[in-house]
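Below, chains carry the letters A, B, ... as their sequence lines are ordered, and counting in each starts from 1.
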Protein chains: 2
Amino acid sequence: MQVTIKDVAREANVAPSTVSRVIANSPRISQKTKERVRQAMEELGYYPNVHARSLANRTTQAIGLVMPSAATKTLQNPFFSEVIRGISTKAHQNGYSLYMTTGVSEEEVYEGVVSMVQGRRVDGVVVLYSRTDDKVVQFLQDSKFPFVVVGKPFSDSSHVTYVDTDNYLAGREVTKYLHQLGHECIAFVGGSQDLAVTQERVGGYKTALMEEGLPINESYIVSAPFMTTGGADAVKRLMSLEHPPTAVVVSDDMMALGVMSTLNEMEISVPDQMAVVSFNNLFIAEFSSPPLTSVEINIFGLGFEATNCLIEQMNEEATPYGKRVIVPHYLVVRQSCGGTAK
Amino acid sequence: MQVTIKDVAREANVAPSTVSRVIANSPRISQKTKERVRQAMEELGYYPNVHARSLANRTTQAIGLVMPSAATKTLQNPFFSEVIRGISTKAHQNGYSLYMTTGVSEEEVYEGVVSMVQGRRVDGVVVLYSRTDDKVVQFLQDSKFPFVVVGKPFSDSSHVTYVDTDNYLAGREVTKYLHQLGHECIAFVGGSQDLAVTQERVGGYKTALMEEGLPINESYIVSAPFMTTGGADAVKRLMSLEHPPTAVVVSDDMMALGVMSTLNEMEISVPDQMAVVSFNNLFIAEFSSPPLTSVEINIFGLGFEATNCLIEQMNEEATPYGKRVIVPHYLVVRQSCGGTAK
DNA sequence: TATTTTCGTGCAAACGATTGCATTAACGAT
DNA sequence: ATCGTTAATGCAATCGTTTGCACGAAAATA
C-alpha cells in the first residue's frame, strides 16, 4: 500500500493539512513542526501522489509534446532528439516533466492532443513541427490552451507564440556564400514543400540569386521526400540537365548525406566538382566524407527557448499576443564547399 | 470550466455512476441508455479528467521512460529516436502514453524515476540503457514495480525482464565475416567499456578470433568515448601500430562514421585499404560514403518488444521470473567491406 | 398469482491530495 | 482582568472519477 499524507500526519502528530502546507513550504507553519513533519516523511518514504495533487491543484507540472505522426520516418531525424533534449532540460529545471502521445495517422495524433488537453493531463504543449493548415494548432488556439510551436506556424502566425530560426536569412546567406566562392550555377534541393522550413529556405535562396544578379532557374530547384529516395532522384535530375549546377544548397544535413552519397556513386567529387552546403549542423555533419559545411541553428536552443516561452505563458493569466523568438544561426565551414572564400 | 461527468449525467438524465459505466462500456448498462449518454458526451464535448480517473482507478495508462542523463550526448544517437518510436507504437496500440523525466546528473535521473514510481505517475517503466551497477534498476527491482530494460542489465539479470540483441553472437558473426573476406588482422573499436553492449560485442569478437585460429592482439582492441573524439584517436592509434589492421569492427554506426572520416583524412581508402563493419544499421549507414556494411538489429523491434513485455507484466498479478527476449539480427552488406565473400 | 431471478440504475464512499475558514493559544495593550 | 491581535494548526469541503452495494421493476419460474 502506498504511504499517504495521512500516514505522515499521524506519524508526525499533525493534521493532513499541515503536512500539505509543509510540502508547499508555507510560511504559516512553524519551523519546529516543519522539521518534525519532514522527518516523518523521510522515515515513511513518503512521496505525494501526483494525481491527487493534480486533481486538487488543477495543475499537472507536465508539458505535452506533439510530434509528427510516428509513421513518417521524419522522427528518425536527429533533429528531434536534440530539440527534445533542449525542451527537457528547461522543463526539468522548472520542475516540469514531459508527456507524449503519438499516433500513426495524423488523425490519431490530433485525437491524442485533444485528449491530453481536455483530459487536463498537461499544463501546456509544445508542437514540434509546422505544416500548412494544421488542425492541432487550430485546436490549441481555439481552446486558448498554452502552447508554443517550434518552427513557423502558417496560419495566423501573429497570434501564436513560436520560436524559429531565420530560415529565410540563412537560405540567403548560404547562397551568397556559394556565389562568393565563385559559383554561378547553384541548385536547391529541399524536403517536402509543405514544410515551412523548406519554403523559407528556398525563398532566401531565390532572393540571394536575385540580389546577386544570378538567374533563377526553376529546374535547379527540386524537392524530394528525403526518407524514401535519399535525394538520389534529385541529384540525378540535376546532373542530367544541359547545364548541371556546380553547387547545391540542401535543406537538411540528412538529405545532404544522401545527395553526397549519390554524387559519390556517380563519381562526381565533392567539393571539386560540386559544392554542397546544408542546414542544421547535426553531429553527423562533422563526420561525413567530406565533412559538411552547414548552418548551425542551435536545435537544442530552439527546444530550450520554446519551453521557456511556454512556461512564461503558463504562468501568466492573460497571454495577449503571440511572441516570436528567433534563435541565431551561423555557418560552420568545413570541406564540402571547398577552400575558403576566393 | 471543464465539463465533468456530472454535467453529462444531468444532460442525459442519469447518475454519474451510469456515465462512468458507459465510458467503461459496462455490459450492465442498456444499449438505449448508452446511446443517450454517448450523445450527451458528444454534445458537451466531454473528456474524462485523467487525474480523477487515475486516482480512483489506481492506474495511469502511462509508461515511464528512463533515458541516460541529458548531459551525455548519448541521446543524440538516433538509436533513441528509433527505440522510442517502437515503444510508442506499441504503447499507443494499447492505449498507453509515454512519460519522461530527465536529469542532468545520474542522481537527478534517479530521483526522477523514484518520484514517478512512488508518485504513481506511471504504471510501468522501460529503462533505455544498461550500465554496470545501476541504482535505477536496483530500485525498481526492490520496489517490485513493473519494468523492463532494453539491453542487458548486469546485476541479477535472471530476475529482470529484458529485451536485447544477441550482441555476442553478432560480434562473432561479423568478425568471422571479415575473416572470410580474407582479413587476418582485425581490430575492434568500441564505445564506453561499461556499457553491456560493448562488452558483449567485444566478447563475440574475441571468440570468433579464437575459433578462427587468429591471435587476439590486445592492442587491436580500443575503446573510445565516441562523442568527444569521434573515434579519431582510436584510428590513429591503430594505424600507428607496427602491423596496422586491415579490417575493423566498430561497435556502432555513429562511431563508424567517425572512424571512416578519420581514415579519409589519413587517405586510407575504405574498403580497399581498410574494411569497416559496424552495428545498428542506422539509416545513415545507407548514405555514408561508402555505404556501411552493418548489422541490422531492429531497434524499433527492441522498443516494441520491450513495451509488449512490460504490458504483459503490468497485467499479470504475479511476475515470477525475468523474461528474456532476443530480437534477431542480420548483416546488411553494403560497400564498406569490399566485394562479396571470397 | 406468488416467488425468485435477472436487469438496469442510483447512492455514497472511496482515491489522496489542497485550501478557505474556523479555532485555539499566547501575548501585549489597555 | 479584559480585549484585540497574531501565529499556528485543524476541520471539512472539494477536485472528478470509480465501484461495491442496495434497490425497484420486469421477467422468469413454480
Side-chain angles (χ1 to χ4, degrees), chain A residues 1-41 44-62 95 115-123, chain B residues 1-41 44-62 95 115-123:
Chain A
M1 248 323 73
Q2 213 191 143
V3 16
T4 77
I5 204 172
K6 287 183 193 167
D7 301 321
V8 176
R10 198 176 314 119
E11 177 81 11
N13 240 305
V14 294
S17 50
T18 302
V19 177
S20 172
R21 285 189 250 267
V22 171
I23 296 171
N25 201 16
S26 154
R28 292 173 44 193
I29 303 295
S30 72
Q31 205 53 42
K32 225 169 46 196
T33 311
K34 277 187 185 171
E35 272 168 25
R36 194 149 38 91
V37 171
R38 291 218 176 93
Q39 188 181 336
M41 300 199 313
L44 300 179
Y46 169 74
Y47 277 82
N49 180 308
V50 286
H51 297 111
R53 179 188 277 233
S54 294
L55 189 56
N57 238 357
R58 331 187 109 254
T59 204
T60 68
Q61 294 297 101
S115 80
M116 89 184 171
V117 167
Q118 303 282 28
R120 294 286 181 271
R121 212 192 264 265
V122 298
D123 295 338
Chain B
M1 247 324 70
Q2 214 191 140
V3 17
T4 77
I5 206 172
K6 287 183 192 167
D7 301 322
V8 176
R10 198 176 313 119
E11 177 81 12
N13 241 306
V14 294
S17 49
T18 303
V19 178
S20 173
R21 286 189 249 266
V22 171
I23 295 171
N25 201 15
S26 155
R28 291 174 44 193
I29 303 294
S30 72
Q31 206 53 41
K32 226 168 45 194
T33 311
K34 278 186 184 171
E35 272 168 26
R36 195 148 39 90
V37 171
R38 292 218 176 93
Q39 188 181 338
M41 302 200 311
L44 299 178
Y46 169 76
Y47 277 83
N49 180 307
V50 285
H51 298 111
R53 178 188 279 234
S54 294
L55 189 55
N57 239 355
R58 331 187 108 254
T59 201
T60 68
Q61 294 298 102
S115 80
M116 88 185 173
V117 167
Q118 303 281 29
R120 293 287 181 269
R121 212 193 265 266
V122 297
D123 295 338

How would you list, by chain and number, every residue that makes a salt bridge (charged side-chain N to carboxylate O under 4.0 Å, His left out) with B:Arg38, sequence neighbours excluded? none
Give every residue pair that meets the salt bridge (charged side-chain N to carboxylate O under 4.0 Å, His left out) criterion with at least one member in residues 8-17 of chain A, sequence neighbours excluded. A:Asp7-A:Arg10
Mind listing the closest non-hydrogen atom pair of A:Ala15 and A:Ala9 along with its distance? C-CB, 3.8 Å
From the list B:Thr60, B:Thr59, B:Ile23, side-chain contact (heavy atoms from CB on, under 4.5 Å) partner of B:Arg53 resolves to B:Ile23
As a quick check of understanding, evaluate side chain to side chain contact (heavy atoms under 4.5 Å, CB included) for B:Lys34 and B:Gln31, giving each step before the final call. CA-CA 5 Å; B:Lys34 278 186 184 171; B:Gln31 206 53 41; 4.3 Å; yes
Min side-chain heavy-atom separation B:Arg36-B:Val14 under 4.5 Å: yes
Could you list the residues that satisfy side chain to side chain donor-acceptor pair (under 3.5 Å) with B:Glu35, not counting sequence neighbours? none
All pairs passing salt bridge (charged side-chain N to carboxylate O under 4.0 Å, His left out) where residues 14-29 of chain A contributes a residue, at least two apart: none
Are OP1 or OP2 of C:dG16 and a side-chain N or O of A:Thr4 less than 4.0 angstrom apart? no
Mind checking whether B:Val50 and A:Arg120 have side chains closer than 4.5 Å, heavy atoms only? no
Do you know which two heavy atoms are closest between B:Gln2 and B:Tyr47, and how far apart they sit? OE1-O, 3.9 Å
Under 4.0 angstrom between A:Thr18 side-chain N/O and D:dG10 OP1 or OP2: yes
A:Gln118 CD to D:dG16 P: how many Å, rounded? 14 Å
Measure the distance from CG on A:Asp7 to P on C:dC15 and round it to the nearest whole Å. 11 Å
Atom CZ of B:Arg121 and atom P of C:dA17 are separated, to the nearest Å, by 13 Å
Mind listing the closest non-hydrogen atom pair of A:Gln61 and A:Gly95 along with its distance? NE2-O, 3.3 Å
In Å and rounded to the nearest 0.5 Å, what is the CD1 to CG distance from A:Ile5 to A:Leu44? 12.0 Å
To the nearest 10 degrees, what angle separates the axes at the start and end of the helix from C:dT1-D:dA30 to C:dT30-D:dA1, five pairs each? 50°
Close N/O contacts between protein and nucleotides 23-28 of chain C (under 3.5 Å):
none

B:Arg120 has an atom CZ; how far is it from atom P of D:dT17, in whole Å? 22 Å
Set of residues satisfying side chain to side chain donor-acceptor pair (under 3.5 Å) with respect to B:Ser115, sequence neighbours excluded: none
Among the nucleotides D:dG10, C:dT18, D:dT18, whichever has the atom closest to the side chain of A:Val14 is D:dG10
Whole-Å distance between C:dA14 P and A:Ile5 CD1? 18 Å
Across all chains, not counting sequence neighbours, the side chain to side chain donor-acceptor pair (under 3.5 Å) partners of A:Ser26 are none
Would you sort out whether A:Thr4 and A:Asn49 count as a side chain to side chain contact (heavy atoms under 4.5 Å, CB included), showing the intermediate values? CA-CA 8 Å; A:Thr4 77; A:Asn49 180 308; over 6 Å; no
Between the protein and nucleotides 21-24 of chain D, are there any N/O to N/O pairs under 3.5 Å, and if so, what are the atom names and distances?
{"unit_1": "D:dC21", "atom_1": "N4", "unit_2": "B:Arg28", "atom_2": "NH2", "d": "3.3"}

Please give me every residue in residues 30-41 of chain A whose heavy atoms get under 4.0 Å of an atom in DNA chain D, ordered by residue number. A:Ser30, A:Thr33
What residues 46-57 of chain B contributes to the DNA chain C interface at heavy-atom separation below 4.0 Å is B:Leu55, B:Ala56
Partner set under side chain to side chain donor-acceptor pair (under 3.5 Å) for A:Ser20, not counting sequence neighbours: none
